[in-house]
J.: 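Handing you this structure, nothing more for now.
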2 protein chains.
Amino acid sequence: MRQKTAGIQDVARLSGVSTATVSRALSHPERVAESTREAVLRAVQETGYVANSLARNLRRRRTGSILALVPNLANPFFSQILSGLSSVLSPAGYGLLIADTLADPDPRARLAHYFDSGLVDGLVVFDATLPDPALMQRAHPPLLMACEWRGELPSVTVDNAEGAAIAIRHLLESGHRRIAHVTGPRGNVLTESRLQGAAGALAEAGLALHDDWTFTGDFGIASGAQAAARWLALADRPTAVFCASDEMACGFMGALQQAGIAVPGEVSVIGFDDIEVAGHLTPALTTIRQPRRDIGERAAHLLVDMIDQRSLMGPSERIAVELIRRQSVKSPG
Amino acid sequence: MRQKTAGIQDVARLSGVSTATVSRALSHPERVAESTREAVLRAVQETGYVANSLARNLRRRRTGSILALVPNLANPFFSQILSGLSSVLSPAGYGLLIADTLADPDPRARLAHYFDSGLVDGLVVFDATLPDPALMQRAHPPLLMACEWRGELPSVTVDNAEGAAIAIRHLLESGHRRIAHVTGPRGNVLTESRLQGAAGALAEAGLALHDDWTFTGDFGIASGAQAAARWLALADRPTAVFCASDEMACGFMGALQQAGIAVPGEVSVIGFDDIEVAGHLTPALTTIRQPRRDIGERAAHLLVDMIDQRSLMGPSERIAVELIRRQSVKSPG
DNA sequence: CTGTTAGCGCATTCAT
DNA sequence: ATGAATGCGCTAACAG
């Protein structure tokens, strides 16, 4: 069934030239006489020859693939980012390898592995906890951070603190003064940035983030529902809640509605991310949009540029977030 | 900055053995004396040697990676499947390459490319339109279909027709007789299977699928909202709707609620997939669960087995779906 | 158990 | 413009 696939030798023999010429005809068509080029291409057609990428890459010392290290593949948040990555990598001649650091017993070891396995031409890392200083001393292919990151490495980031501040200001402008916050997991960079942005905006208005109005979540839907339970248990309930992710906002609103609380009637809710369902919930969720596809596309471009320039350094980019006003926020009272 | 990474030669020199022994000490530790093995491992530590996978794979005639061809990476439906794939592939020593066939100008050419580029050890294909007979004649690595598929190739599938039938029966048992269906895109295998399953179950009850109660969608949220508009325009409205995807169900319910229609008060809705938000919508969505992570895991196992056995054929598996009763379905009237 | 010898399939010198 | 020769870095035969 599996006939031996044609090699460069077969093409050379069939077209009556040397393997070197075949190689050139394919890789540098201009360095070869038109007639021979045609003969070679014809032979390629006939044999169905396709260069073995392994051998080619070994020789060229490049692999043609780029690795994305994501903290949790199952999180749909990444699907659009990956799609963006893929859409620019693919035309640029790179394959996209994906590894899930959450599923990995030792993600740092995996990163180290890819550093010198010669398996990838570059990496996009979505997990800020990964690159420790010792690791980064080692020789490695170009690496781009694609998450909140303040270190030396080039990065594509979203302005999380500003996004959170925009969310809080929107609540403030709508007349809210009693504002709660559902955070991501403690210690996470995103969590801390958004927390800080929110606190800052609150402070500008002379308000503070109460401890008992700050619920710790994990960005997932279920943790939003749990936060709702805690909100319900409060004697003195905030009139608005800023959730650090749309998923949590979704879980929060869902649980509240189950409990007979009206949104935004009795409490306003604002999210973060603008995931696809956000606009189709009832009420439609007001949120801070993160252009995920753009993030992927920009990351891919920057990384490919670094590879082309054989440089470990390169520009960083900050991607703007945007307030999307829908129906889940209204004036209190 | 980028010091030359140590090669097998360096290790051999440092440990005072030949490169062949180093290779063995690492790949087949049992075939080497304990003392030499230790010496080699020590030298590996010292030099920080990591085998170049390209060279190794070229020699071993395997690549260590598996390609997943998905029709639309941006669709979060795939994220859990990919996560499942990754979680078994990774421990099995395979990397996961991903290509988006939607983003590709000529997906079939891409498939062909991977067939003989020698770049992958196996493929998981999520798009039934891809493998055309001519293509499959060619030499290629093991390939597993992971979507509705009735051809010769080994596959992992979900029983779509049965799932649809279960959905319809549930509606029937709840007392509904006037049942609408929001389909996927026409021509799509999933669409047709679910349509057929739904029609079959209806027929068992002596009912038929009315043309004007069959709304064509595309599995996306927006198309569900559009279907809602058409439902609203009906003089004679069905009391229940089976949506061929949860996303459409979500868009459908959202649009209805915006229009002031109560769900399930005035119309019951049942979805398909059991995506994560389904249980957190208001009302929580009754649906047919497709165990997406399992699909990924099973696909990975089957494919790895085929690779191990150097066989293009292998068993197929059918994964059961399950009715998840929540709140979006109740008796009519 | 270990070293020697040969490639894996291709791209690139260096000649011509 | 083309061909011959030479590895890329590693592993698998084959001897010993």
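Every chain is numbered from 1 and lettered A, B, ... according to where its sequence line falls, protein lines coming before strand lines.
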J.: Determine which pairs satisfy salt bridge (Lys or Arg N to Asp or Glu O under 4.0 Å) with at least one residue from residues 34-57 of chain A, sequence neighbours left out, and list them in order.
T.: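 Not a single pair qualifies under salt bridge (Lys or Arg N to Asp or Glu O under 4.0 Å).
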J.: Over how many whole Å does the gap from A:Arg56 atom CZ to C:dC10 atom P extend?
T.: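 In whole Å, C:dC10 P and A:Arg56 CZ are 8 Å from each other.
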J.: Tell me: CZ of A:Arg13 to P of C:dG9, nearest whole Å?
T.: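 Whole-Å distance recorded here is 13 Å.
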J.: Would you kindly give the CG-to-P distance between B:Leu54 and C:dG9, to the nearest whole Å?
T.: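 Rounded to whole Å, this separation is 14 Å.
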J.: Heavy atoms of chain B, cut-off under 4.0 Å: which first and last nucleotide of DNA chain D, 5' to 3', fall inside that, if you could look?
T.: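 Nucleotide range with atoms under 4.0 Å of chain B: D:dG9 to D:dA13.
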J.: Rounded to whole Å, how long is the line connecting atom CG of A:Leu58 with atom P of C:dC8?
T.: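 That distance rounds to 13 Å.
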J.: Please collect all salt bridge (Lys or Arg N to Asp or Glu O under 4.0 Å) contacts where either partner lies in residues 11-23 of chain A, sequence neighbours excluded, each pair once.
T.: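 Listed by first then second residue: A:Asp10-A:Arg13.
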J.: Using a heavy-atom cut-off of 4.0 Å across all strands, would you classify A:Val22 as base, sugar-phosphate, or nothing?
T.: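 Since no nucleic acid heavy atom lies under 4.0 Å of A:Val22, the category is nothing.
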J.: Between C1' on C:dT4 and CD on B:Gln9, what's the gap in Å once rounded to a whole number?
T.: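 Interatomic distance, CD of B:Gln9 to C1' of C:dT4: 13 Å.
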J.: How large an angle, rounded to 10°, do the end axes of the helix from C:dC1-D:dG16 to C:dT16-D:dA1 enclose when each is built from five base pairs?
T.: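 End-to-end axis angle for the helix from C:dC1-D:dG16 to C:dT16-D:dA1: 30°, rounded to 10°.
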J.: Could you go through residues 306-313 of chain A and list every donor-acceptor pair under 3.5 Å that involves a side-chain atom there, pairing it with any protein atom two or more places apart or in another chain?
T.:
residue: A:Arg310; atom: NH1; partner: A:Asp308; partner atom: O; Å: 3.2
residue: A:Ser311; atom: OG; partner: A:Met313; partner atom: N; Å: 2.9
residue: A:Ser311; atom: OG; partner: A:Met313; partner atom: O; Å: 2.7

J.: Which atom pairs link the protein and nucleotides 12-15 of chain C when you take only N or O atoms and keep those under 3.5 Å?
T.:
residue: C:dT12; atom: OP2; partner: A:His28; partner atom: NE2; Å: 3.4

